[in-house]
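Reading through the structure tokens given below for one structure.
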Amino acid sequence: GAGGLVVAKELAERGKGEGVLVVEAGPQAEAEAEAAIKYYDRILSEQRIEIARALGVGGTTLVTAGNGPRSLEKELKSIGIDLEQEFRELEEGIGIKPVPEECYGEGTKKLVNASSELGYKVVPMPKVIDFDKCMSCRHKPCGECVFGCPTGAKWTVASWIEELLRQGVRIVPDTKVEKVIIENGSAVGVSANGKDFKSEMVILAPGALETPKILLSSGFTSNEVGKNLFIDPYITVGGIIKGINFNGEGTMQALIADPAFNGFLLSPHFARRLVGILNRKGYNVTERDILGLMIKIKDEASGSIHADGSIEKYMTNKDSVALLEGAIVATEILEQARVEPKSVCTTSLRGGHPGGTAAIGKVVNSNLETEIEGLFVADASVLPEAPGAPPMLTIMALAKRLGKYVVNHVL
């Protein structure tokens, strides 16, 4: 995904492609961009909180909304990791740009205007989308960013596959890594599907829910492995404006992140689940009638993943307060946008950015290397705290930095 294939690309561009083997648990992504929905994998914590991810060559980049803001930039810099160069290289290389305001649909405009009228700060969301290709920017109903872009306007890391193969990188799909092979204190390969793949070093990037399981299966004894799980919890608050057609707009086109907000942000977001909730309450609505706002919070790292794969994640008092405050502001904005006040309701809690389970300073050092020589981690598990915002670009920047380090200092 956003970690593993970025490292592979960085190594390949520096002449090391023929030495790179990518072992992927999921399938090879299909060429058709709209097929991305089939790679979703949703799991539940023991507390019944749904956590979403994607399995396949390309990882969760296949199903993101294309959001590419910088996150945790200051926090990482404070511990000696300056990603300015990597951020700039990626932003230019994959074409991250703010959504042009002319791409806003009627629903997004209503929410942006209502937020501004109430004095909240609103900015266009940075996205890795070709806005000339995007159907929503041509004001044609779409809104399928997170299920698979039908025009290929949204970039995913899977778009690099053909180039990587030409550069000698080998990709083995449908092969789940179970543990790292460690000999004399060094990583010398991985075991996957009952087969051993030997190598000079190992870079784990299966995501924050899988990395600790692999480390624990490999004999790690650190008490920090699998701890400090965060998930950037979110809900969508919405209500009724008949015929608004918000479901056909590009999702999360603007970012409402006012300095007054305490640990949360808001973004225009359509949630199909609201239709069923409202109809069960006696409203006769379709997807065309719903306007909504996502509330995403920067949660405390209160969760953990065990060796058997079970997940514990609960909301702390601080998390619950942030979510409540966000819902209050979202309701205020929706009512200002002329949503029917009595129709306002909310989805159940979900998490979309699991991370922290092999955190920098706890399980890996600033070069993303573990206590085992030659064993690195390049996924969201290394993030030291919740971003409370889309983390894709930051994961990619850390992976790009790791690729440079491996070439310059290890190989």
Side-chain angles (χ1 to χ4, degrees), residues 1-4 6-7 25-26 41-47 49-55 59-60 71-72 75-76 79 81 176-180 182 187 190 202-234 297-316 319 350-372 375-392 394-399 402:
V6 170
V7 174
D41 181 47
R42 295 181 174 92
I43 59 178
L44 290 174
S45 73
E46 292 183 357
Q47 291 71 33
I49 297 176
E50 180 184 305
I51 305 172
R53 61 177 179 176
L55 297 178
T60 306
S71 58
L72 295 180
E75 292 85 347
L76 288 166
I79 58 174
I81 300 176
K176 184 177 176 60
V177 171
E178 293 138 4
K179 68 177 182 178
V180 180
I182 301 171
V190 296
V202 174
I203 300 171
L204 288 179
L209 303 183
E210 293 296 327
T211 286
K213 289 165 56 179
I214 294 171
L215 292 176
L216 291 169
S217 296
S218 305
F220 269 65
T221 57
S222 169
N223 290 330
E224 297 295 338
V225 173
K227 303 292 179 62
N228 310 299
L229 173 67
F230 58 77
I231 59 172
D232 277 359
Y234 70 95
I297 71 167
K298 181 184 178 74
D299 59 321
E300 296 190 283
S302 61
S304 59
I305 298 174
H306 304 292
D308 63 0
S310 60
I311 300 170
E312 290 185 56
K313 182 67 177 98
Y314 55 88
M315 298 286 284
T316 66
D319 296 338
R350 289 176 281 176
H353 306 151
T357 51
I360 296 168
K362 295 181 182 293
V363 177
V364 299
N365 61 23
S366 60
N367 293 318
L368 309 189
E369 189 169 16
T370 69
E371 63 190 32
I372 301 299
L375 177 58
F376 299 83
V377 181
D379 57 33
S381 65
V382 306
L383 299 179
E385 59 185 88
M392 181 180 73
T394 297
I395 296 168
M396 293 175 67
L398 284 166
L402 173 58

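Residue numbers count from 1 along this sequence.
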So with a 6.0 Å cut-off around CG of Asp308, is the heavy-atom count from everything else above 12?
yes
Dump the intermediate steps for side chain to side chain contact (heavy atoms under 4.5 Å, CB included) on Ile214 and Val180, then the final yes or no.
CA-CA 7 Å; Ile214 294 171; Val180 180; 4.0 Å; yes
Working to the nearest 0.5 angstrom, can you tell me the gap between Met315 CE and Ile49 CD1?
6.5 Å
Of all heavy-atom pairs linking Leu216 and His306, the shortest is CD1-C, 4.2 Å
Could you state the interatomic distance from CD (Glu385) to CG (Leu76), rounded to the nearest 0.5 Å?
8.0 Å
Would Ser218 and Ile182 satisfy side chain to side chain contact (heavy atoms under 4.5 Å, CB included), going step by step from the backbone distance to the final call?
CA-CA 8 Å; Ser218 305; Ile182 301 171; 4.3 Å; yes
Answer whether the closest heavy-atom distance between the side chains of Val177 and Val202 falls below 4.5 Å.
no
What I'd like to find out is whether the side chain of Ile305 reaches to under 4.5 Å of the side chain of Thr211, using heavy atoms alone.
no
Minimum heavy-atom distance between Asp379 and Gly207, given as atom pair plus value:
OD2-N, 2.9 Å
Looking only at non-hydrogen atoms, find the nearest pair between Pro384 and Leu72 and report the distance.
CD-CD1, 4.5 Å
Supply the atom-to-atom distance Ile51 CD1 to Ile311 CD1, rounded to the nearest 0.5 angstrom.
4.5 Å
How long is the straight-line distance from OG of Ser381 back to CG of Leu368, given to the nearest 0.5 Å?
9.0 Å
Nearest-0.5 Å distance, CG of residue Leu383 to OG1 of residue Thr357:
9.5 Å
Hey, is the main chain of Phe230 close enough, under 3.5 Å, to the side chain of Asp299 for a donor-acceptor pair?
no
May I ask you to say whether Lys213 pairs ionically with Glu210, meaning some side-chain N is under 4.0 Å from a carboxylate O?
yes
Taking side chain as C-beta onward, heavy atoms only, is Val363 less than 4.5 Å from Val377?
no
Under the criterion side chain to side chain contact (heavy atoms under 4.5 Å, CB included), I'd like the reasoning laid out for Val382 against Leu398: C-alpha separation, chi angles, the key distance, then a yes or no.
CA-CA 9 Å; Val382 306; Leu398 284 166; 4.0 Å; yes
How many angstroms lie between atom CE of Met396 and atom OG1 of Thr394, to the nearest 0.5 angstrom?
10.5 Å
In terms of heavy-atom contacts, His353 and Pro390 come closest through CE1-CA, 3.6 Å
Grab the two heavy atoms, one from Ala386 and one from Asp232, that are nearest each other, plus how far apart they are.
CB-OD1, 3.5 Å
Does the side chain of Lys313 pick up a donor-acceptor pair with the side chain of Ser302 at under 3.5 Å?
yes
Tightest non-hydrogen contact, residues Leu229 and Glu312, listed as CD2-O, 4.1 Å
Is there a side chain to side chain contact (heavy atoms under 4.5 Å, CB included) between Phe220 and Thr370 once you walk through the steps?
CA-CA 10 Å; Phe220 269 65; Thr370 69; 3.7 Å; yes
